[in-house]
There are 2 protein chains.
Amino acid sequence: MILKSQVEWALHCCAILAGLPEGRYLSTKALAELHGLPKEYLSKALQSLSQASLVDTTLGPSGGYRLARPSSEISFLEIVEAVEGKARSFTCTNIRENNPCRPAGYCDSKPCAVARVMWEADEAWRNTLRRVRLSDLVGTLSEDVPPDIWRDTFEWVLKRAG
Amino acid sequence: MILKSQVEWALHCCAILAGLPEGRYLSTKALAELHGLPKEYLSKALQSLSQASLVDTTLGPSGGYRLARPSSEISFLEIVEAVEGKARSFTCTNIRENNPCRPAGYCDSKPCAVARVMWEADEAWRNTLRRVRLSDLVGTLSEDVPPDIWRDTFEWVLKRAG
DNA sequence: GGTTTGCGGATATTATATATCCTTAATTCC
DNA sequence: GGAATTAAGGATATATAATATCCGCAAACC
């Protein structure tokens, strides 16, 4: 059970977008170079964010991506689910159906007891991610990263933002 | 991010093993037939349980698997981790290292802020599974499954347990 | 009109999950 | 002692998903 690397990419990209000045867009190319990622494949992750309406896009030079909402109104979970999908990590294939002692139709009222536990754990995972906002990440990052590097990064980025 | 189907298989098999009379073993063949699963591949899942010391095994006719401990002392997490592994679902590839504005050696003291959040969610998932004991599952199952089917199932199983 | 951009489709490559087969050694039963 | 049965583990094949690249399109900018 491993998340796609695109999840990591999307989160880091959103953190950068959260720091962009109002109205500016940042292109796939700039985001890929900043993070040392394959441009074409990163583009797929950004398209997922766009389809989930987490980012706005615009075309042409000076085009690219920006957050569709303030970073305080975007949760980790939304970003993760945009890329990874909303499907639960445990899929019940109902193997209890195969029990040769089980007449058809029995015990079909509720989902399987095993699945209920696994889904509860899945919910706990999602709830944790739901509670963390993108603005929280930006806050933590600006504590962790030395201020001059943080500033240099955004200068570097804005030079490429058209 | 999808768990292997072997996780589901292992959980259902442990639930059956938990209901076995003291000292009896149940073979891969019987467990596979009961659940309608491919015997050879299910065997790999059971071997994982054995390697994790969750089950005891013995050879020969009337051999097979039994729980190594009372079901109240085995958690869901142990079974899941035995099959799925203990690795976290999010792996940080440290793409912040690629930031061209970042001199080497900076911000390497703590793990990445993104990873810390993802790992916290992973812990929430594991904690939920850690709190559920195999005996809890057996309890739920015996509420869900009609008593006569539950009884028939164990008669069926014991006929094959040598 | 030329350049840049996001978007989506098609395709190739790699890794992982799923599944089967076979050999070995231990155990039970006759 | 000999035949049958079992778990263990290595080797291998197949299917599916993740990773990655390439191309053509339409919109936006200069």
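Letters go in sequence order (proteins before strands), and every chain restarts at 1.
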Just jot down the side-chain contact (heavy atoms from CB on, under 4.5 Å) partners of Thr128(A), sequence neighbours excluded, or say none.
Arg131(A), Glu120(B), Ala121(B), Ala124(B)

Using whole Å, report how far CG of Leu42(B) lies from C1' of dA17(C).
15 Å

Taking only the side-chain nitrogens and oxygens of Thr28(A), find out if one of them lies under 4.0 Å from OP1 or OP2 of dG6(C).
yes

Nearest-angstrom distance from the residue atom OH of Tyr65(B) to P of dT5(D):
17 Å

Within residues 47-54 of chain A, residues whose heavy atoms come under 4.0 Å of DNA chain D
none

Can you tell me how far P of dT6(D) sits from CG of Asp56(B), to the nearest Å?
18 Å

Value in whole Å for how far the C1' atom of dA7(D) lies from CG of Leu17(B):
14 Å

Salt bridge (charged side-chain N to carboxylate O under 4.0 Å, His left out) with Arg151(A): which residues, sequence neighbours excluded?
none

Salt bridge check, Arg66(A) against Asp56(A): does any charged N sit closer than 4.0 Å to a carboxylate O?
yes

With sequence neighbours left out, the residues meeting side-chain contact (heavy atoms from CB on, under 4.5 Å) with Asp136(A) are Val132(A), Arg133(A)

Below 4.0 angstrom, N of the basic side chain to O of the carboxylate: do Glu84(A) and Lys4(A) qualify?
no

Testing the 3.5 Å rule here: is there a donor-acceptor pair between the side chains of Ser48(B) and Gln6(B)?
no

What is the distance from OH of Tyr25(B) to P of dA8(D), rounded to the nearest Å?
11 Å

Can a salt bridge be assigned to the pair Asp144(A) and Arg116(B) using a cut-off of 4.0 Å between side-chain N and carboxylate O?
yes

Salt-bridge test for Arg130(B) and Glu123(B): reply yes if a basic N is under 4.0 Å from a carboxylate O, no otherwise.
yes

Heavy-atom protein contacts under 4.0 Å, nucleotides 24-30 of chain C, coded B base, S sugar-phosphate only, - none:
--BBB--

Pair Glu33(A) + Lys39(A): basic N to acidic O under 4.0 Å:
no

Carefully, step by step, assess Asn94(B) and Arg96(B) under the rule side-chain hydrogen bond (donor to acceptor under 3.5 Å, both in side chains).
CA-CA 5 Å; Asn94(B) 249 311; Arg96(B) 58 179 176 166; 2.8 Å; yes

How does protein reach along nucleotides 17-22 of chain D, written 5' to 3' as B (base within reach of a heavy atom under 4.0 Å), S (only sugar-phosphate), or - (no contact)?
-SBBBB

Answer yes or no: is there an ion pair linking Lys110(A) with Glu143(B), defined by an N-O contact shorter than 4.0 Å?
no

